[in-house]
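Throughout, numbering of the chain's residues begins at 1 and tracks the sequence.
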Amino acid sequence: MPASPSGPVTSRTRSWWGWGYTDAHPDDAECVALGALLPGTPGRPLPVPRVADLSIGRPGVTPATALAHLVTTDPGVRAAHAMGKAYRDVIRALRGRPGRIPDLVARPTDDREVADLLDWAGGRGVAVIPFGGGSSVVGGVEYRGDAHRAVLSLDLTSMDRVLEVDTVSRSARIQSGALGPVLEAQLRPHGLTLRHFPQSFEFSTLGGWLATRAGGHYATGRTHIDDFVQSLSVVTPAGPGTSWRLPASGAGPSPDRLFLGSEGALGIITEAWMRLQERPHHKASASVAFADFQQALEAVRAIARSDLSPANCRLLDPGEALLSGASHDGSSVLVLGFESATSPVDDRLASALDLALAHGGRGAHGGRGGHSGLGGTPAADGGAPADTAVSAWRSAFLRMPYLRDGLARMGAVVETFETAATWDRVPSLIDAVRTEVSSVASKATGHPATVNCRLTHVYPDGAAPYFTVAVAGRPGDEVRIWDDIKAAASEVLHRYRATITHHHAVGRDHRPGYDLQRPDPFALALRAAKDALDPHRILNPGVLID
C-alpha cells in the first residue's frame with residue numbers, strides 16, 4: 001500500500017558549519033565554561049563563522065538548460081554542502097578555510113533526474129559528490145584535489161518518501177533521501193519501525209546509512225544497516241539496476257553487498273526495500289557500577305555471549321562516565337536496556353544484572369516492566385529513564401556533538417574514533433590506545449590530554465571500543481594536530497588488527513588504514529568495478545579507491 005509522504009516539519013535552522021541546529025549550539029559563556037575544563041585553552045571563543053566572510057567564487061560550470069531547475073548556485077547552500085561534520089571540518093570552518101566549495105548543488109526528485117545529472121556531469125568532467133544529511137565525520141562528502149573542472153553536490157533529500165509498505169512481509173520501499181525522523185514518521189501509522197537509530201538520526205538519511213554501512217544505536221543483534229536490506233535500486237553512470245527483493249539468497253555474491261558501504265563511489269543508491277519491525281511496547285533499563293574496568297569488560301563479554309540480546313549494552317570507562325555525568329566516583333558504568341514488541345523484558349534485564357553482579361558489578365539501579373526505562377534509542381523513543389546514570393548518559397549522548405563544537409570554538413582538539421576487535425585483543429587494544437594516543441596528543445600540544453573509552457556495540461566474539469580525545473590545541477594548528485593524533489591512533493589499530501572503522505565509514509580520512517586492511521585481490525576487483533560502473537571517474541573521487 002502507498003504510504004503518506006508527510007513527515008515532521010521543523011522551522012529550526014540547521015548549522016552550515018557545525019552539528020545540528022543553530023539554536024542548540026553553546027553560547028559564548030558556555031564555550032568559555034567548557035574551555036575551563038581543558039588546561040591551556042584561551043579565555044574567549046572563536047567567533048561563529050559566517051558564509052558572508054568566505055571566499056566563494058563563481059561556479060566553474062553552467063548546468064544544462066533541461067537540468068537548471070534542479071540546480072542552485074546559492075552561496076549559503078554551496079557552503080553547507082562543502083564538507084561534513086567531523087572535528088576537522090568544524091575547525092576549518094571556524095578558521096575560514098572550509099576547503100573546496102562545490103560549484104553547484106543539485107536536488108533531484110527521482111531516478112531519471114539522477115541519471116540525467118550523472119550523464120551531464122560525466123560528459124563535462126564534473127565530480128559528483130553524493131550528499132544526504134551531511135553528517136559524515138570521515139571526509140566522505142567533500143571534494144579534495146583539482147582533477148575535475150567543477151564539483152556538483154548531489155543532494156538527495158528531495159527523494160524522501162516511503163513509497164510502499166508491505167505489511168504481510170513487514171517491509172517497505174523507501175527513497176534514499178529520507179532523513180531519520182521523516183522516514184519513521186511515515187512508518188508510524190503502520191505500527192512499524194526500521195529500528196535503526198544512529199546518533200546522527202535527525203541529520204542523516206537512509207541512503208547515507210546504506211552507503212556507509214552505518215551502525216545504529218542498538219548494541220546487539222541487528223546493529224548495522226546491512227541487516228535490514230531486502231534489495232537496492234542504484235543509478236550508475238553505466239546504467240540503473242535493482243536487485244531482487246528476497247528474504248535471503250545463496251545465488252552467488254550479493255549484488256547489494258557491492259553497493260553497501262560503497263560511499264557513492266560506484267553508484268547512487270536511490271531506493272531500498274527495507275525489513276521493518278513492530279514498534280516496541282515493553283522496555284526496561286538499568287545501570288551497574290564497576291570499580292574495576294577489566295571486570296566490567298568481562299561482564300559485558302558474558303552478557304554478549306548469552307542469548308539475552310540487550311538493546312543497549314554501553315560500557316563507559318571512568319572518564320567517559322564522569323564526562324556524561326553517569327558516575328562521579330571513578331567507577332565504570334554499564335548501561336543496560338531491553339525492549340520488545342510482544343512480551344515483557346523484566347526477566348531478561350534481571351538475568352543481565354545477575355551476570356553483571358557476578359563479575360564484580362555493584363549498585364545496580366533501574367526500572368523493570370512495562371514502559372519503564374530506556375531500552376530504545378535516545379533520539380527516537382523517549383520514555384522516562386530508569387535511574388540517574390541512564391538519564392545522564394542519555395542527555396550526554398544527545399548533547400555531546402554540540403559540546404564538541406563549543407570546545408572547538410575554544411581552540412581545543414576534541415574528536416572521536418571507533419573500531420572493533422575480537423575479545424582476545426580488546427583489553428590490550430584499549431590500554432594501548434589510551435597510553436599511546438594520549439602521549440602523542442600531549443607532545444603535539446604541550447598540554448595534558450584525555451583519552452576516554454566506551455563500548456558501543458558488543459558481539460559474542462568481540463566488541464566495538466569508541467574513543468574520545470580531548471586536549472587544548474595551538475591556535476591555527478588544530479587540523480594538523482588532529483591529523484597527527486589520528487595517524488597515531490590508526491597505527492595502533494592496525495598493529496592490533498582492529499578495523500579502521502566499525503561504523504563511521506572510510507571516506508577520505510580513513511583511506512590509509514583502509515588500504516592496509518583490505519586484501520589485495522579485493523582491491524583489484526574494486527578498481528575493476530569502478531572502471532566498469534564509473535568510466536569517467538566522476539563519482540566521489542578519492543573515496544575507497546583512486
Side-chain angles (χ1 to χ4, degrees), residues 63 67 70-72 77-78 80-86 89 99-122 126-145 148 150-160 174-180 200 203-214 225 232-241 256 258-272 504-511 529-530 533-534 536-545:
L67 301 174
L70 302 175
V71 175
T72 181
V77 175
R78 290 167 62 191
H81 287 73
M83 55 190 180
K85 302 303 181 185
D89 302 326
R100 175 72 178 267
I101 293 175
D103 298 81
L104 308 170
V105 176
R107 289 191 172 97
T109 61
D110 58 30
D111 287 28
R112 180 68 262 171
E113 291 175 351
V114 171
D116 290 345
L117 286 162
L118 293 186
D119 287 345
W120 170 81
V126 175
V128 178
I129 312 297
F131 195 98
S135 62
S136 171
V137 292
V138 293
V141 295
E142 67 174 276
Y143 181 84
R144 296 179 188 172
H148 297 78
V151 178
L152 169 73
S153 179
L154 188 67
D155 187 321
L156 296 165
T157 52
S158 291
M159 299 172 63
D160 65 349
I174 308 170
Q175 289 182 306
S176 64
L179 291 160
S200 61
F203 311 113
S204 54
T205 63
L206 173 63
W209 302 340
L210 295 167
T212 61
R213 297 184 65 195
I225 195 67
L232 296 180
S233 293
V234 182
V235 175
T236 79
D256 296 332
L258 179 63
F259 295 101
L260 287 169
S262 65
E263 302 188 39
L266 302 178
I268 308 298
I269 299 170
T270 57
E271 292 180 11
H504 278 170
V506 175
R508 292 164 178 83
D509 295 348
H510 285 155
R511 265 297 302 278
K530 177 73 170 178
L533 297 174
D534 182 22
H536 297 294
R537 297 281 176 144
I538 60 170
L539 289 177
N540 220 1
V543 168
L544 297 183
I545 48 179

**Request:** I would like to know whether His148 and Val126 meet side-chain contact (heavy atoms from CB on, under 4.5 Å); could you show each step before the answer?
**Result:** CA-CA 6 Å; His148 297 78; Val126 175; over 6 Å; no
**Complete:** Partner of Arg107 under side chain to side chain contact (heavy atoms under 4.5 Å, CB included), picked from Leu154, Val71, Leu70, Asp155, is Asp155
**Asked** Any sub-3.5 Å donor-acceptor pair from Asp160's side-chain atoms to Leu179's backbone N or O?
**Response** no
**Message:** Tell me the closest heavy-atom pair linking Pro130 and Val128, and the distance in Å.
**Reply:** CD-O, 3.4 Å
**Prompt:** Got a donor-acceptor contact below 3.5 angstrom from the Ser176 side chain to the Ile269 backbone?
**Reply:** yes
**Prompt:** Of all heavy-atom pairs between Pro63 and Trp120, which one has the smallest distance, and what is that distance?
**Reply:** CA-CZ2, 3.6 Å
**Item:** Partners passing salt bridge (Lys or Arg N to Asp or Glu O under 4.0 Å) against Asp256 (at least two apart in sequence or in another chain)
**Value:** none
**Prompt:** Which distance, rounded to the nearest 0.5 Å, do you find between the OH of Tyr143 and the CG of Asp103?
**Reply:** 10.0 Å
**Asked** Sequence neighbours excluded, which residues qualify as salt bridge (Lys or Arg N to Asp or Glu O under 4.0 Å) partners of Arg537?
**Response** Asp531
**Message:** Which residues pass the salt bridge (Lys or Arg N to Asp or Glu O under 4.0 Å) test with Asp111, not counting sequence neighbours?
**Reply:** none
**Prompt:** CG of Leu258 to CG of Leu533: how many Å apart, nearest 0.5 Å?
**Reply:** 6.5 Å
**Complete:** Between Arg508 and Pro541, the two heavy atoms sitting closest are NH2-O, 2.8 Å
**Request:** Would you give the length of the straight line joining atom CG of Leu117 to atom CD of Glu113, rounded to the nearest 0.5 angstrom?
**Result:** 7.5 Å
**Item:** Charged N-O contact under 4.0 Å between Asp89 and Lys85
**Value:** no
**Within residues 130-144 or reaching into it, pairs that qualify as salt bridge (charged side-chain N to carboxylate O under 4.0 Å, His left out) - sequence neighbours excluded** = Arg92-Glu142, Glu142-Arg144, Arg144-Asp509
**Minimum heavy-atom distance between Ala272 and Leu232, given as atom pair plus value** = CB-CD2, 3.6 Å
**Item:** Set of side chain to side chain contact (heavy atoms under 4.5 Å, CB included) partners for Ser233, sequence neighbours left out
**Value:** Thr242, Thr270, Glu271
**Asked** Sub-3.5 Å donor-acceptor pair from the side chain of Glu263 to the main-chain atoms of Val543, do we have one?
**Response** no
**Asked** Are the side chain of Asp534 and the backbone N or O of Leu266 linked by a donor-acceptor pair below 3.5 Å?
**Response** no
**Prompt:** What distance do Leu118 atom CG and His536 atom NE2 have between them, rounded to the nearest 0.5 Å?
**Reply:** 11.0 Å
**Smallest separation among heavy atoms of Gln175 and Leu206, with atom names** = O-CD2, 4.0 Å
**Closest non-hydrogen atom pair, Gly261 against Leu544** = O-CD1, 3.7 Å
**Listed partners of Ser153 passing side chain to side chain contact (heavy atoms under 4.5 Å, CB included), at least two apart** = His81, Pro102, Val105, Phe131
**Asked** Does any non-hydrogen side-chain atom of Leu539 lie less than 4.5 Å from one of Ile268?
**Response** yes
**Fill in**
So NE2 of His504 and OG1 of Thr212: to nearest 0.5 Å the spacing works out to 9.5 Å
**Prompt:** If you round to the nearest 0.5 Å, how far is CD1 of Ile538 from CG of Asp119?
**Reply:** 8.5 Å
